[in-house]
Amino acid sequence: MTPQVRPEDVDDLLGGAEGAVLVLRGSGGDSGGVPEVVVTEDEGEDLLVTTRAALVRELGDRPDSEAVARAAAALTDVVAKLGA
């Protein structure tokens with residue numbers, strides 16, 4: 001099952017630090033875990049989904065709730081394509 005990017009995840013990323021990123025954690029290899037979408041400042045070995053800077057460039061600093069919901073749906077599609 002593909003992890004869902006929630007509007008709250010988009011809000012957290014927009015409100016995060018300058019270097020914040022949205023990653024897919026536990027998506028493959030020998031992790032054995034259930035994949036999840038996480039906002040963090042250190043992508044480490046996780047799969048990068050998007051960055052705060054990219055999201056701000058597309059949506060601005062304070063997008064309305066409809067734009068946030070559309071972004072969450074689009075990012076869920078990205079996660080699915082990453083093979084979660």
Of all heavy-atom pairs between [X] and [Y], which one has the smallest distance, and what is that distance?
{"X": "Val49", "Y": "Leu24", "answer": "CG2-N, 3.8 Å"}
{"X": "Pro3", "Y": "Pro35", "answer": "CG-O, 3.5 Å"}
{"X": "Asp46", "Y": "Gly26", "answer": "OD1-N, 4.3 Å"}
{"X": "Ala69", "Y": "Pro7", "answer": "CA-CG, 4.3 Å"}
{"X": "Arg6", "Y": "Ala72", "answer": "C-CB, 3.8 Å"}
{"X": "Pro63", "Y": "Gly60", "answer": "CD-O, 3.6 Å"}

For this session: Give a yes or no on whether the backbone of Val34 and the side-chain of Glu36 come within a donor-acceptor separation of less than 3.5 Å.
Result: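 No: the side chain of Glu36 does not pair with the backbone of Val34.
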Exercise. Does Glu18 offer a backbone N or O that forms a donor-acceptor pair with the side chain of Arg52 under 3.5 Å?
Worked result: no
Exercise. With respect to Thr2, which candidate in Asp77, Val79, Val37 satisfies the side chain to side chain contact (heavy atoms under 4.5 Å, CB included) definition?
Worked result: Val79
Seminar exercise, completed: The side chain to side chain contact (heavy atoms under 4.5 Å, CB included) partner of Val10 among Thr50, Val39, Leu22, Leu75 is Leu75
Exercise. Going by heavy atoms in the side chains, are Arg25 and Thr40 under 4.5 Å from each other?
Worked result: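 The answer is yes, as the side chains (C-beta and beyond) meet within the 4.5 Å cut-off.
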Determine, using the 4.5 Å side-chain heavy-atom cutoff (strictly less than), whether [X] and [Y] are members of one ILVMFWY cluster.
{"X": "Val21", "Y": "Val38", "value": "yes"}
{"X": "Val23", "Y": "Val56", "value": "no"}
{"X": "Val5", "Y": "Val68", "value": "yes"}
{"X": "Leu59", "Y": "Leu13", "value": "yes"}

Problem set entry | CG-CG distance between Leu14 and Asp9, expressed to the nearest 0.5 angstrom | 11.0 Å
